[in-house]
Amino acid sequence: MSELPKAYEPVSVEEKWYQRWIDHKCFHADETSDRPAYSMVIPPPNVTGILHLGHVLNNTIQDILARRARQKGHEVLWLPGTDHAGIATQAKVERHLRQTEEVTRRDLGRDEFLKRIWDWKDEHGGIIIKQLKRLGCSCDWERERFTMDPEYSKWVSQVFVDLFKEGHIYRGKRMVNWCPSSLTALSDEEVISKPQNSKLYFMKYELADSPGEFLEISTTRPETLMGDTAVAVNPKDERFSKYVGRTVKRPFPEGEIPVIADDHVDIEFGTGALKITPAHDKADFEIGQRHHLPLIEVITADGKIDCPEVEALHGLDRFAARKKAAEILEEKGLLLKIEDYENNVGYSERADVVVEPRISMQWFLKYPSVEEATAAVENSEITFRPQKWSKTYSHWMENLQDWCISRQLWWGHQIPVWYRQSKAQDLQAAESLDAQDLERGDIYVGVTPPEDESEWVRDDDVMDTWFSSWLWPFATMANVGEESETLKKFYPTSDLVTGPDIIFFWVARMIMAGYRFKGELPFKNVFFTSIIRDGKGRKMSKSLGNSPDPLDLMEKYGADGLRFGLMRIAPIGSDVKFDETQIEEGRNFANKLYNACRFRQMQEEPPNHKIFTAVEISALPPYHIDILSKLDELDVKLEKSYKDYRFNEVVAHLYDFFWGDYCDHFLEAVKGDLKEGASPQRRRDTLHTIDIVLKRYLAQLHPLMPHITEELSEKMGYLPEGAFLMTREFRKDSILGNAEAFRAEHAEAVYAAASNLRNLKAEYQLAANKNVRFVIRPVAGWVMNELPTLALLVGAKEVVVDSSYEAEQGTPASLTSLGEVLMPLDGLIDIEAESKRLGKEIEKIEKELAKSEQKLSNPHFVDRAKPEIVAVEKERLAQWQEKLSQLQNMKNALQV
RNA sequence: GCAGGAGUAGCUCAGUGGUAGAGCAUCUCGUUUACACCGAGGCGGUCGGGGGUUCAAGUCCCUCCUCCUGCACCA
């Protein structure tokens with residue numbers, strides 16, 4: 001045992017233990033072990049990402065689960081890794097290159113650019129991993145994976161090939177969400193709609209066959225006018241029926257376009273007539289298909305107007321063109337009015353720019369195993385916690401759209417499709433392409449390139465990042481075509497811990513992939529964490545700068561403090577507002593624990609590891625039995641809370657037991673046993689009890705606060721030389737055998753009485769005065785033994801029984817569970833004050849009594865309530881009555 | 001528009017039909033064999049509003065209000 005400094009210093013301790021755990025391979029999962037398996041895969045953070053509070057919450061929960069599982073004797077695999085995060089990473093590196101070397105990716109070329117990204121990844125890719133380690137995450141780092149590892153990439157290609165061959169993947173020209181900043185297609189899930197203040201333009205088109213007659217149209221996008229190939233009205237709209245089938249004049253470039261009727265048009269909206277731009281609007285595209293309208297593209301990939309016929313607009317940015325187009329209409333006298341209008345506009349998730357609906361050639365996936373995956377959650381083969389998310393899941397699964405899986409990026413898994421050189425141009429422009437095209441031998445689809453590669457041209461596109469992430473649970477455990485021992489032992493995984501914001505992106509798709517490629521569910525439980533918000537309820541985001549840096553928090557409060565504080569406030573099922581004082585509480589708790597252990601160490605006696613015998617227990621003072629029984633209860637409570645994944649409850653149990661039951665009550669009550677002159681037997685028993693409690697408690701707390709518990713277990717000598725707390729199996733044996741039998745009512749009574757007397761002292765401004773004496777009229781003989789402890793707890797000189805004591809009139813008195821207690825004030829007595837005080841107390845009791853009486857006088861209550869409830873109420877009433885009469889006697893005695 | 005949450009002390013949150021809770025903040029007192037990152041005590045609640053079911057409602061039902069989150073619409 002060594003000396004401990006006065007305040008706990010977490011940072012160095014945490015670093016030390018993490019290194020030791022690593023050095024001793026404590027996190028390693030042994031796939032040949034006989035122990036039951038427990039496994040999780042980490043939601044892979046972006047490889048160039050930086051740890052934020054969401055990661056902290058998420059990974060703390062996983063670490064708690066992993067460490068708890070180890071303690072319960074499982075062989076634990078927590079498999080870590082990172083995600084290549086296609087768009088995010090490529091955008092980051094492109095920006096970097098622009099700023100430092102003033103070059104674009106096209107300047108460098110595909111190969112060189114990719115080399116630069118790999119360099120960047122090597123340099124920055126480790127940051128978030130280091131940060132997770134700082135947090136104490138017990139991942140098996142020897143198994144760390146990256147979604148672009150060669151073996152992992154093979155999986156991605158293999159899955160593409162399989163799905164293509166069975167007809168689930170096809171290529172086609174479709175209207176997709178296009179990001180003009182990243183210059184790639186996006187999936188529907190990557191588009192976020194935001195309300196926006198825009199304008200609604202009202203304009204008129206002249207009827208071609210009737211000069212001077214106009215059709216009024218409203219639009220938010222006049223800049224797409226050049227792409228209009230029709231005007232549509234609702235067939236039921238009588239105002240416009242006379243126009244259907246005729247043509248109107250498009251103002252620029254001048255042309256005639258038909259007026260058509262389509263149900264999609266909302267009669268109520270605007271003028272009721274809708275301009276149709278099939279090339280730049282999803283709904284218009286569909287209308288265009290129905291009516292066989294031509295497609296005219298007038299916007300380029302990077303969001304500029306492409307329409308040489310209209311010189312004033314050609315080359316302008318789409319938003320500048322909007323204003324300009326309105327001006328031109330105005331000049332032509334075709335603009336009627338402009339109204340303010342709030343509508344929802346789709347933004348790209350990553351680049352945060354307005355998405356442009358655009359026709360382009362893309363690869364799509366028809367999801368496999370949809371029915372099975374939907375059913376799995378509905379019939380609880382997979383449990384979602386909180387349950388409410390299963391509705392979100394079902395709703396999405398029932399409205400599945402084909403997944404656009406191709407991205408016009410360079411960073412990612414390239415589509416494993418090759419076109420025969422001689423026909424490449426035609427094939428790449430072909431309207432559609434699917435499994436049937438394979439048979440003709442014009443395309444090649446495979447995990448490895450075709451033999452005579454020079455005769456083939458590979459598809460340029462890469463795949464959506466999530467097309468690799470959805471394989472994560474199994475692709476990390478075995479290579480393609482292998483049945484590795486790891487996979488056999490640890491797949492399917494036990495739990496998945498992730499944020500509800502990626503139910504569609506990731507969770508749902510993993511379930512489908514698990515079914516399709518491994519024939520079973522990838523996990524049994526999904527725990528969705530809360531979303532952490534700032535004090536104003538806003539999402540944490542980089543742009544708002546409202547996200548505290550977890551590294552700073554760990555520096556200030558320790559990783560353990562951060563973990564504990566965060567888990568304490570993270571509710572299940574709703575968002576949590578972040579509050580740094582809660583993290584401070586975590587640190588304070590660590591300090592409390594540390595000092596309680598320091599107190600034990602100051603006794604300078606080695607720990608006692610024996611367990612009390614039944615005989616020894618029966619001889620222990622009530623405080624000892626009380627704390628030992630509560631220690632047993634703690635096991636039971638924790639077990640239940642863990643079972644329900646109620647981590648905030650776990651923390652509350654651990655906190656209350658230690659701070660309240662152990663420190664405030666037990667430790668204060670037994671300090672007398674450690675004083676000089678106390679009986680040696682009593683001292684030994686007390687230290688022994690302390691050791692039993694601390695040793696077990698440190699193990700109980702370990703999943704939440706791994707570092708400090710490991711540190712203290714070692715320092716206190718609770719572990720064999722060289723052993724680790726984290727790898728030690730935790731035996732749940734009861735200390736007392738049967739806690740119920742040992743319920744220590746006497747201890748509870750003493751604690752309650754102490755509270756009464758402290759209260760009395762405080763009322764008379766004597767809280768700090770240790771010379772106060774109390775005279776007690778005990779209710780039972782056993783009370784005599786506990787008087788010194790009572791005095792200690794109250795901070796009084798003594799509590800004595802003095803049958804000859806004659807209280808002066810007006811002596812303050814309290815009715816405690818141990819008996820009536822007087823507090824002689826030697827001359828400073830104020831009868832009126834004491835009478836008033838007692839009067840107040842009586843008033844309170846009367847209120848409670850009245851409530852109780854009312855309840856019991858209600859015949860319905862007595863008849864219908866459960867008997868035990870009635871019995872409790874009766875007992876309560878009796879207690880109030882007794883207490884009231886005693887207090888009244890005391891008050892009466894004051895009046896001479 | 002549809003769906004799902006949330007609303008409890010000044011703040012952050014527990015509360016699983018049966019006496020409304022914790023921590024922080026605030027106020028008073030206090031260095032005692034650990035801890036001032038501490039101890040003791042106090043103040044502080046019409047449990048969002050209204051209605052209903054029940055012997056009994058913060059808890060169950062209906063309704064309204066406010067906020068959040070998805071999804072849809074979004075000319």
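Chain identifiers are assigned alphabetically (A, B, ...) following the order of the sequence lines, protein sequences preceding nucleic acid strands; residue numbering begins at 1 within each chain.
- Residue-level contact check: R587(A) touches the bases, meaning some heavy atom is under 4.0 Å from a base atom.
- When the P atom is used for both C24(B) and U32(B), the distance is 23 Å, rounded to whole Å.
- Here E848(A) lies in heavy-atom contact (under 4.0 Å) with a base.
- Counting non-hydrogen atoms under 4.0 angstrom, N344(A) reaches a base of the nucleic acid.
- Residue Q854(A) contributes atom CD, which lies 18 Å from atom P of G18(B) at whole-angstrom precision.
- Inter-residue side-chain proximity for V259(A) and V248(A) is flagged as met; some heavy-atom pair is nearer than 4.5 Å.
- Comparing the P positions of C47(B) and U19(B) gives a spacing of 16 Å, expressed to the nearest Å.
- Under the rule for a side chain to side chain contact (heavy atoms under 4.5 Å, CB included), the partners of V11(A) that lie at least two apart in sequence or sit in another chain are E15(A), R134(A), E555(A).
- Contacts classified as salt bridge (charged side-chain N to carboxylate O under 4.0 Å, His left out) and involving residues 870-879 of chain A (residues at least two apart or in different chains) are given here: K855(A)-E873(A), E873(A)-R876(A).
- In terms of the side chain to side chain contact (heavy atoms under 4.5 Å, CB included) criterion, residue partners of Q881(A) (sequence neighbours excluded) are, by chain and number, L849(A), E853(A), L877(A).
- Here E342(A) lies out of heavy-atom contact (under 4.0 Å) with every strand.
- A distance of about 39 Å separates the P atoms of A25(B) and C65(B), rounded to the whole Å.
- Here the nucleotide nearest the side chain of N759(A), chosen from U33(B), G42(B), U19(B), is G42(B).
- Side-chain N/O atoms of K671(A) and base N/O atoms of A34(B) include a donor-acceptor pair closer than 3.5 Å.
- Within 4.0 Å (heavy atoms only), V265(A) reaches at least one base atom of the nucleic acid.
- Residue-level contact check: A865(A) touches the bases, meaning some heavy atom is under 4.0 Å from a base atom.
- Remark: the Q603(A) side chain and the U33(B) base include a donor-acceptor N/O pair separated by less than 3.5 Å.
- Here Y341(A) lies in heavy-atom contact (under 4.0 Å) with sugar-phosphate atoms only.
- In this entry the distance linking CD of E9(A) with P of C37(B) reads 14 Å, nearest Å.
- Residue-level contact check: S755(A) touches the backbone only, with heavy atoms under 4.0 Å from sugar-phosphate atoms and none from bases.
- Nucleic acid contact for N399(A): none, since no nucleic acid atom lies under 4.0 Å from a heavy atom of the residue.
- Taking the six-membered ring for Trp and the full ring otherwise, F504(A) and W396(A) have centroids separated by under 6.0 Å.
- Considering only residues two or more places apart in sequence or on other chains, K556(A) meets the side chain to side chain contact (heavy atoms under 4.5 Å, CB included) condition with E580(A).
- With contacts defined as side-chain heavy-atom distances shorter than 4.5 Å, the pair F505(A)/E349(A) qualifies.
- Taking atom NZ of K840(A) as the reference point, atom P of G42(B) lies 11 Å away to the nearest angstrom.
- Closest approach of V265(A) to N234(A), counting heavy atoms only: O-ND2, 2.7 Å.
- If you check every strand for non-hydrogen atoms under 4.0 Å, E763(A) touches nothing.
- Using a 4.0 Å heavy-atom cutoff across all strands shown, I276(A) reaches no nucleic acid atom at all.
- Comparing atom distances between the K391(A) side chain and each of U12(B), U19(B), A3(B) picks out A3(B) as nearest.
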Can you check each nucleotide of nucleotides 22-28 of chain B against protein heavy atoms at under 4.0 Å and return B for base, S for sugar-phosphate only, - for none, in 5' to 3' order?
-BS----

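- Distance L793(A) CG to U33(B) P: 15 Å, rounded to the nearest Å.
- Base contact: K855(A) has a heavy atom under 4.0 Å from a base atom.
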Less than 3.5 Å apart, which donor and acceptor atoms pair up between the side chains of residues 654-668 of chain A and the rest of the protein, not counting sequence neighbours?
{"unit_1": "E668(A)", "atom_1": "OE1", "unit_2": "K671(A)", "atom_2": "NZ", "d": "3.4"}
{"unit_1": "E668(A)", "atom_1": "OE2", "unit_2": "K671(A)", "atom_2": "NZ", "d": "3.2"}

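- Summarising the geometry, the separation between OH on Y8(A) and C1' on A34(B) is reported as 16 Å, rounded to the nearest angstrom.
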